[in-house]
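Please read the structure below before turning to the comments.
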Number of protein chains: 2
Amino acid sequence: MDFIRPELIPDPTVRRLSLYLRQLELFLKQDRETVSSKQLGESLGLTDAQVRKDLAYFGTFGHPGVGYNITELVSRIKRILGTDKAWNVVLVGVGNLGRALLSYGGFAAKEMHLVAAFDNDPNKVGQSIGGHDVRGMEHLEATIKAQEVRLAMLTVPVDTAQAVADVLVKSGIRGILNFSPTSLAVPTTIAVQAVDLALQLEQLTFQVSLNAMTRAGVRHP
Amino acid sequence: MDFIRPELIPDPTVRRLSLYLRQLELFLKQDRETVSSKQLGESLGLTDAQVRKDLAYFGTFGHPGVGYNITELVSRIKRILGTDKAWNVVLVGVGNLGRALLSYGGFAAKEMHLVAAFDNDPNKVGQSIGGHDVRGMEHLEATIKAQEVRLAMLTVPVDTAQAVADVLVKSGIRGILNFSPTSLAVPTTIAVQAVDLALQLEQLTFQVSLNAMTRAGVRHP
DNA sequence: GGATGTGAATGCATTCACAGCA
DNA sequence: TGCTGTGAATGCATTCACATCC
């Protein structure tokens with residue numbers, strides 16, 4: 001393989017990269033040093049060929065006869081995903097979910113630096129939650145520009161989500177983690193990841209209903 | 001189309017079904033009565049053929065020359081997804097995230113009946129959060145069995161997730177919404193949906209890095 | 001032997017394109 | 001005319017299978 005044309009890396013591959021990373025970090029904690037594509041795949045319910053193909057998109061860093069050096073693979077995947085460097089993040093919308101995210105301690109470990117939170121409720125502005133300041137919406141744009149923030153977590157009510165997203169884009173945000181159950185209209189240069197609880201619950205009820213059917217023998221002819 | 005063979009419905013189709021439902025309910029609020037596959041598709045960034053193909057897996061309920069009756073389509077999709085009936089749910093793990101979910105009011109609207117929450121911290125047991133009782137873990141199995149609960153939201157720390165999942169399965173749970181960043185080992189008859197914040201943030205940083213590169217005309221290192 | 005990396009083959013999902021109906 | 005439903009064609013992702021290397 002010579003060099004990488006990022007635009008033709010399959011989406012599913014990028015998703016699995018995150019899974020590999022999580023599993024590899026678990027292996028590291030268990031003091032393992034190398035892992036084969038077969039072992040890594042089995043621990044995640046994937047085939048060995050799938051693992052090798054995924055990794056091969058990004059270069060060749062396995063050792064034939066041995067497997068992959070875990071430490072090396074972890075740092076390679078982090079570099080690919082862009083999590084080897086720190087990212088500044090803002091959170092907009094300090095409701096139940098916003099507060100929970102502010103109190104969640106796991107961001108620092110992932111090199112995510114939560115710069116500040118924003119809300120338009122005067123009662124919330126000025127508070128400190130989980131060590132993060134809550135500021136008024138009028139400071140959103142200036143903060144993003146001053147600190148070169150590129151990521152935002154959007155936890156506002158659904159009817160204001162699009163308007164806030166517009167402000168975020170105008171201010172220079174490049175990626176939005178959208179917790180509102182709505183499709184945001186943004187330029188193609190802006191990445192959006194949706195976290196939709198209702199949607200995932202519906203996937204569950206569908207699968208459970210399906211399982212119940214096939215179990216009951218309502219099979220196809 | 002004669003009969004539905006559920007096991008061969010593409011996963012992506014089921015995901016989009018939820019998107020269709022969300023968009024259709026928005027149209028309903030706007031007092032629209034019918035919608036064509038073209039209109040529905042465009043509102044979600046999909047092609048008309050995609051929409052028709054997806055719906056055709058489940059029968060034929062469009063009206064040539066007219067489109068789909070929105071009310072009818074909504075109730076059909078709900079039936080397909082299994083959300084036309086009410087579901088009992090338990091929540092296990094009353095940390096920051098668990099509390100936020102308990103305080104979130106949106107479940108009732110989706111026919112999700114949150115029966116109770118569970119935690120092993122004596123200080124939390126006995127509290128009422130968002131109108132939901134917190135009980136000790138020792139009552140989990142009995143509650144699930146007594147109320148025929150089939151769905152669980154798992155918001156416990158990562159190191160206890162598998163053990164709790166085992167209890168859930170043993171008690172008769174059929175679907176788990178897993179908020180812990182770990183792969184649960186469960187029988188194939190149990191549905192699992194993962195909500196992994198770190199994973200989604202990594203997808204974002206990857207896409208943002210990619211966009212930055214292609215914009216700058218740089219190749220991957 | 002044991003493992004990787006990768007063309008070739010397979011299997012799915014999406015898109016095309018058109019017959020048929022209101 | 002406008003739109004659905006659906007086989008056929010296309011395009012992607014996964015899996016196979018094997019040359020290659022430690």
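Just so we're on the same page: letters track the sequence lines, and every chain starts at 1.
Judged as a ring pair (Phe, Tyr, Trp, His ring centres under 6.0 Å), and not counting sequence neighbours, the contacts of B:Tyr104 are B:Phe107. Partners of A:Asp84 by salt bridge (charged side-chain N to carboxylate O under 4.0 Å, His left out), not counting sequence neighbours: none found.
Between B:Leu55 atom CG and C:dT15 atom P the separation is 15 Å, expressed in whole Å. The separation between A:Glu42 atom CD and D:dT15 atom P is 14 Å, rounded to whole Å. A:Tyr68 places its OH atom 17 Å from the P atom of C:dG2, with the value rounded to the nearest Å. If you measure from atom CG of B:Asp48 to atom P of D:dT4, you get 8 Å, rounded to the nearest angstrom. For B:Arg52 and C:dC21, the CZ to C1' distance is 14 Å, given to the nearest whole Å. In this structure, the NZ atom of B:Lys53 is 14 Å from the P atom of C:dA17, given to the nearest Å. Atom CZ in A:Arg76 sits about 10 Å away from atom P in C:dG5, given to the nearest Å. Rounded to a whole Å, the CG atom of B:Asn69 is 15 Å from the P atom of D:dC3.
For B:Thr60, the side-chain atoms get nearest to D:dG5 when compared with the rest of D:dG5, C:dA3, C:dC21. If you check D:dT4, D:dT15, C:dT14 against the side chain of A:Ala49, the one that comes closest is D:dT15. Picking from D:dA13, C:dA13, C:dA3 the nucleotide with the shortest atom distance to the side chain of B:Pro10 gives C:dA13. For B:Gln50, the side-chain atoms get nearest to C:dT15 when compared with the rest of D:dC22, D:dT4, C:dT15. Of all nucleotides listed (D:dT6, D:dT15, C:dT15), D:dT6 comes nearest to the side chain of B:Ala56.
Within the 4.5 Å cutoff, no side-chain heavy atoms of A:Glu111 are placed close to those of A:Lys78.
Among the heavy atoms of the strands, none lies under 4.0 Å from B:Lys38.
Residue B:Tyr57 has no polar side-chain atom (N or O) positioned under 4.0 Å from OP1 or OP2 of C:dC12.
Between A:His63 and A:Asp54, it is A:Asp54 whose nearest contact on DNA chain D lies nearer the 5' terminus.
Just one of A:Asn88, A:Leu168, A:Leu140 meets the side-chain contact (heavy atoms from CB on, under 4.5 Å) condition when paired with A:Val149; it is A:Asn88.
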For A:Tyr68 and A:Leu55, what are the C-alpha separation, side-chain angles and deciding distance, and is it a side-chain contact (heavy atoms from CB on, under 4.5 Å)? CA-CA 10 Å; A:Tyr68 300 86; A:Leu55 297 177; 3.7 Å; yes

